[in-house]
Q: 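Next up is a structure, given as structure tokens.
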Protein chains: 2
Amino acid sequence: MPRPLKASPERILAAAAAEFAARGYAGARVDRIARRARVNKAMLYYHFSSKQGLYRALLRGTFLEFAGVLAGLAASGEPPAGKLDAAVRAMVAFVDGHAYFPSIMLREVAEGGTHLDAETLDALAAVPRAFAALVATGREAGVFRPVHPLAAYFTTVAPILMYIASTPVRARLSSRGLQPALSTEAFIGDLQHSLRLAFAAPAPAPRSPR
Amino acid sequence: MPRPLKASPERILAAAAAEFAARGYAGARVDRIARRARVNKAMLYYHFSSKQGLYRALLRGTFLEFAGVLAGLAASGEPPAGKLDAAVRAMVAFVDGHAYFPSIMLREVAEGGTHLDAETLDALAAVPRAFAALVATGREAGVFRPVHPLAAYFTTVAPILMYIASTPVRARLSSRGLQPALSTEAFIGDLQHSLRLAFAAPAPAPRSPR
DNA sequence: GTCTATACTTCGATAGAC
DNA sequence: GTCTATCGAAGTATAGAC
């Protein structure tokens, strides 16, 4: 294996992820990305042709990977309530390996998808679609109430993204005594509990009470 | 009233809100803000001294206003479950008058609060604090289960912010047939329903069943 | 308070040698 | 595939007259 670490394109993508997450598309500097990736700017443009091309390549790959994880869960044999818990866990786990994901997702939503082309939009759409498939199995099994799949998606994903992405702000607020602390484990537990209750089909009324 | 419309500082704030929401802090252009506000750049700097100063002034005011709305709800005499519904409605209504709010909030979270000074952080912290007060009244009344107030805050606010801010992306996805439509009314109804179930204290087991 | 004109800086992108 | 050097555009901010 003569290749020392990672090849240039991968190193560039990793550096771009950190930079875009921390500063946003407009705030990101191509020079900084190149420096972090230990390549020069010309190399970066050689592989990705523009700042925009680099951004889209990064997001397309990330969206598809994330959607793949959710699709795997939806197709698993577990009972639906367990799939929901697993989805929450899986999203948090995904973020462990892709620390830049929440920030970039939040930013792109806020930006209205301005920087995305058709191909990247397709990849983005795969994420809620995979989650909807998961919810559908619960509805078909009669254990979830009839929530709109997209409403369920936002109710599940948005708190996770915002909680994780807000870690630095929450740390600042906590250290200044402006906000109580909340550990990831406690948050995940609370959220899983909330979602189970939120989506559960109402217990059927007993046939003859009393 | 000789003054034609709004005074310069207010027009500048309004223009800044639109620009920062659409493009983010780094993407926002002082020239564009000045042009939209129908003042020149020098005027803008005269009133707000810097791009950063303008941004902070805008956010501080918005955070305090939003926190004020929630604090008013928490202090109302309504039953807690009704306060929760009202909080969801109030957040959506707030956004109607402050269309820029969701994008800016999402962006600032993603950015880690980098652009905020102590004073603006104080204003930001007032928002979850007001919501926690609302949740506390429900817990004290015994009708909410013991969720962490901050977890409840994220579970409530994040879906609303993301749903609203994602309107442009969702429109693009819907029009390309990549995603089902979801009206604001349907979303709000689903979310209110979900949150009522999610936070409700479990019904006490009947003393002597059968 | 309001304007025009401009100084100074930084950024995305490329040319061209190796 | 990799580098150095650099160009032109665009950005924040200010000077100075009114």
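None of these values were measured; they are calculated from a predicted model. Below, each value reflects all heavy atoms present in this structure, side chains not excepted, and no hydrogens, waters or symmetry copies. Chain letters run A, B, ... following the sequence lines, proteins first and then strands; every chain starts at 1.
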Q: Specify the closest pair of heavy atoms between A:A141 and A:P80, including all atoms of both residues, with the distance to one decimal.
A: CB-CG, 4.2 Å
Q: What is the separation between atom CZ on A:R35 and atom P on C:dT10, rounded to the nearest whole Å?
A: 13 Å
Q: Using side-chain heavy atoms (C-beta onward) and a distance below 4.5 Å, is B:L58 in contact with B:I104?
A: yes
Q: Starting from C1' on C:dT14, measure out to CG on A:N40 and report it in whole angstrom.
A: 12 Å
Q: If the helix axis at each end comes from five base pairs, how far does the helix from C:dG1-D:dC18 to C:dC18-D:dG1 deviate from straight, to 10°?
A: 0°
Q: Between B:R176 and A:D122 (salt bridge meaning N to carboxylate O under 4.0 Å), is one present in this structure?
A: yes
Q: Tell me which of B:S8 and A:R29 sits closer to the 5' end of DNA chain C, going by the nucleotide each one is nearest to.
A: B:S8
Q: So, does B:R32 use its side chain to make a donor-acceptor pair with the main chain of B:E19 at under 3.5 Å?
A: no
Q: Working to the nearest 0.5 Å, report the span between CZ of B:R23 and CZ of B:R107.
A: 10.0 Å
Q: When you match B:A42 and A:K41 each to their closest nucleotide on DNA chain D, which lands nearer the 5' end?
A: A:K41
Q: B:S50 and B:R56: side-chain donor and acceptor closer than 3.5 Å?
A: no
Q: Which part of the nucleic acid does A:A28 contact within heavy-atom distance under 4.0 Å: base, sugar-phosphate only, or nothing?
A: sugar-phosphate
Q: Which of parallel (below 30°), tilted (30 to 60°) and perpendicular (above 60°) describes B:F20 and B:Y25?
A: parallel
Q: Distance under 4.0 Å to a non-hydrogen atom of chain B counts as contact; along DNA chain D, which nucleotides mark the start and end?
A: D:dG11 to D:dA15
Q: For a quick test of your reading: what N or O donor-acceptor pairs under 3.5 Å do the side chains of residues 177-185 of chain B make, sequence neighbours left out?
A:
| from | atom 1 | to | atom 2 | distance (Å) |
| --- | --- | --- | --- | --- |
| B:S183 | OG | B:A186 | N | 3.0 |
| B:T184 | OG1 | B:Y163 | OH | 3.3 |

